[in-house]
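Okay, so here's the structure we're looking at.
Every chain is numbered from 1 and lettered A, B, ... according to where its sequence line falls, protein lines coming before strand lines. On a predicted model such as this, the values are computed, not experimentally measured, just so you know.
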Number of protein chains: 2
Amino acid sequence: MSEKPRQQAAASGAGTPGSAQGPDRKPDDRKPDESRRDRTGAAPTRSTYRHGDLRRALIEAGIDLARQGGPEAVVLREATRRAGVVPNAAYRHFAGRQDLLQSVRSAALSALAEAMEAEIDKTAAIADPGGQARARLRAVGTGYLRFAFAETGLFRMAFAPLEGVRIAGDAREPADPANAGRSGLNPFQLLGAALDAMVEAGVLPPARRPGAEFLAWSSVHGLAMLVIDGPLRGMPEIQIEAVSQRLIAMVEKGL
Amino acid sequence: MSEKPRQQAAASGAGTPGSAQGPDRKPDDRKPDESRRDRTGAAPTRSTYRHGDLRRALIEAGIDLARQGGPEAVVLREATRRAGVVPNAAYRHFAGRQDLLQSVRSAALSALAEAMEAEIDKTAAIADPGGQARARLRAVGTGYLRFAFAETGLFRMAFAPLEGVRIAGDAREPADPANAGRSGLNPFQLLGAALDAMVEAGVLPPARRPGAEFLAWSSVHGLAMLVIDGPLRGMPEIQIEAVSQRLIAMVEKGL
DNA sequence: GGGCTTTTGTGGACAGCGTCCACAAGCCTA
DNA sequence: TAGGCTTGTGGACGCTGTCCACAAAAGCCC
């Protein structure tokens, strides 16, 4: 997993001390980004002074960085480097590093939502409504945990503290599309929807829904955190399914 | 404690751009630290070239920094500045920033354990063993959550990801005294002990203990995280007691 | 089309950070 | 008293985020 947090002064300067790519940085070595096509419809001109969609490129670079090093690996200068652009160019699209981070966070949250949706999709074939609703809740937990373990960097990015900003928004608030998966729901709304389905299918008493939501949120998120970098680190993935199974039992039995 | 807070790099450089305290840094403005007394037994000499207990001073500065800014606010140079020492001096006591952070983390963990113990102490007066055991578990949860909200910076410090280091150690492992409260137990061991007491008092079936531990860990920790910088941010503290109450009901009813 | 403004990227600079190296001051022991 | 060990100093390096002034491309209007 965490091999090398990448630069950031990390440990030793053993990697690339001075050389890097200092003086030979020319605008010509910029990679031919095709994303600018969609602006003019024509082929890109030879000159690449204008990047085309730098904002998106920076966010994608940030996601890549976050994927393999978490929030602290999202370094503004490195993102611009990958986009083939000078550091200051980022300030035309973001107020600063925090702003970039926030966009990367939204993307990470969206990725989490999609991972959960993928898991939910597998339950579509179940005919029995009650069984389907239960399987859906289980899928929510499984997707959440699987993502946390498979994409630890992105998961941490999704929940990094960031300058007094609320993360995913309350489940009762309208969803920010940037944080949502293809269904338009953010991760926590997906969980709420799963509980709604259980109530509707009659496998969860309505009176128990609020408490169940609370408990499910906390326990799934807490488990992920404890496993990722807490005392439970290194828990075998086989247990994930078992834990998700337990989750639904917990919710149904009430609290 | 801290005589001269100096200035703090904190957020942006917008505060004091240039001046700082450049050339007038003299060894004479170092505060007369009395901690070096215990080395010689005599009064400290006039010369303060030797600090006396720099390691401890740096950790304490780190705790102070973490308390009001979380892990990322623990800046090595600022810690040395507060200790009245040149940045490199830290390297005589710590391998680097990560190493300092780890020590600060241990201290934060210990503070958490002590906060929990303080809450536990309040339950000592209860006569009925079953009631006492239940109150103790409730106290564990309350103490954990209260600390998370009252000392958010330290709490985040306690659980910050740090170079592939396990945090509090497994509950089954021997306790690291540096992480423990006055009872010698770390936060998670305190929870385990509370569950043990419940089993012993006969209010928790032994077969349900493992699952209960899992659930209690995850839900309390997850709740704290979600409230601190997740979608639940800003939850009124009044609810904390209610949540702790729920926690015990949950554990007893099983999962 | 030519000249204007607006957008977007460049170049250079600054302070702060973590870290490394060589050296000096203090203390301890032979 | 001479040497050696520990601990703090001074100076440097490369990295970071951010600010400023300037230049290139694109859009707009006549």
Give the minimum heavy-atom separation between B/E117 and B/R182, together with the two atoms involved. OE1-N, 3.0 Å
The nucleotide from D/dT18, D/dT9, C/dT19 with an atom nearest the side chain of B/V85 is D/dT9
Using a cut-off of strictly less than 4.0 Å, decide whether A/H93 has a side-chain nitrogen or oxygen near OP1 or OP2 of C/dG9. yes
Is it the case that the side chain of B/S218 and the backbone of A/G222 share a donor-acceptor pair, with hydrogens and angles ignored and the cut-off at 3.5 Å? no
Given D/dT6, is OP1 or OP2 found less than 4.0 Å from the side-chain N or O atoms of B/R55? no
To the nearest angstrom, the CD-P distance between B/E72 and D/dG17 comes to 15 Å
Closest of D/dC20, C/dG9, D/dT9 to the B/A89 side chain is D/dT9
Between B/L76 and A/L54, name the one whose nearest nucleotide on DNA chain C is closer to the 5' end. A/L54
Plane angle bin for A/F188 and A/F159 - parallel if under 30°, tilted between 30 and 60°, otherwise perpendicular: perpendicular
Counting the atoms with a prime plus P, OP1 and OP2 as sugar-phosphate, which does A/R97 contact under 4.0 Å by heavy atoms, base, sugar-phosphate, or nothing? sugar-phosphate
Could you check A/R156 against A/E72 for salt bridge (Lys or Arg N to Asp or Glu O under 4.0 Å), going step by step and ending with a plain yes or no? CA-CA 10 Å; A/R156 283 224 310 264; A/E72 55 276 359; 3.3 Å; yes
Please confirm whether the backbone N or O of A/H93 pairs with a side-chain atom of A/R55, one donor and one acceptor, at under 3.5 Å? yes
Closest to the A/R92 side chain: D/dT18, C/dT19, D/dC22? D/dC22
Taken to the nearest whole Å, CG/B/D53 to P/D/dT7 is 11 Å
side-chain N/O A/Y91 vs D/dC19 OP1/OP2, d < 4.0 Å: no
Whole-Å gap separating C1' (D/dC15) and CG (A/L65): 14 Å
Whole-Å distance between C/dG18 C1' and B/L101 CG? 12 Å
Report yes or no: is there a donor-acceptor pair, N or O only, under 3.5 Å between the side chain of A/N88 and the base of C/dG12? yes
Nearest-nucleotide pick for A/V75, side chain only, options being C/dC21, C/dC23, D/dT16: D/dT16
Report the distance from atom CZ of A/R77 to atom C1' of C/dG12, rounded to the nearest whole Å. 11 Å
Looking at the side chain of A/R81, which of D/dT16, C/dG9, C/dC17 is the nearest nucleotide? D/dT16
Between D/dT16 (P) and A/L100 (CG): distance, integer Å: 14 Å
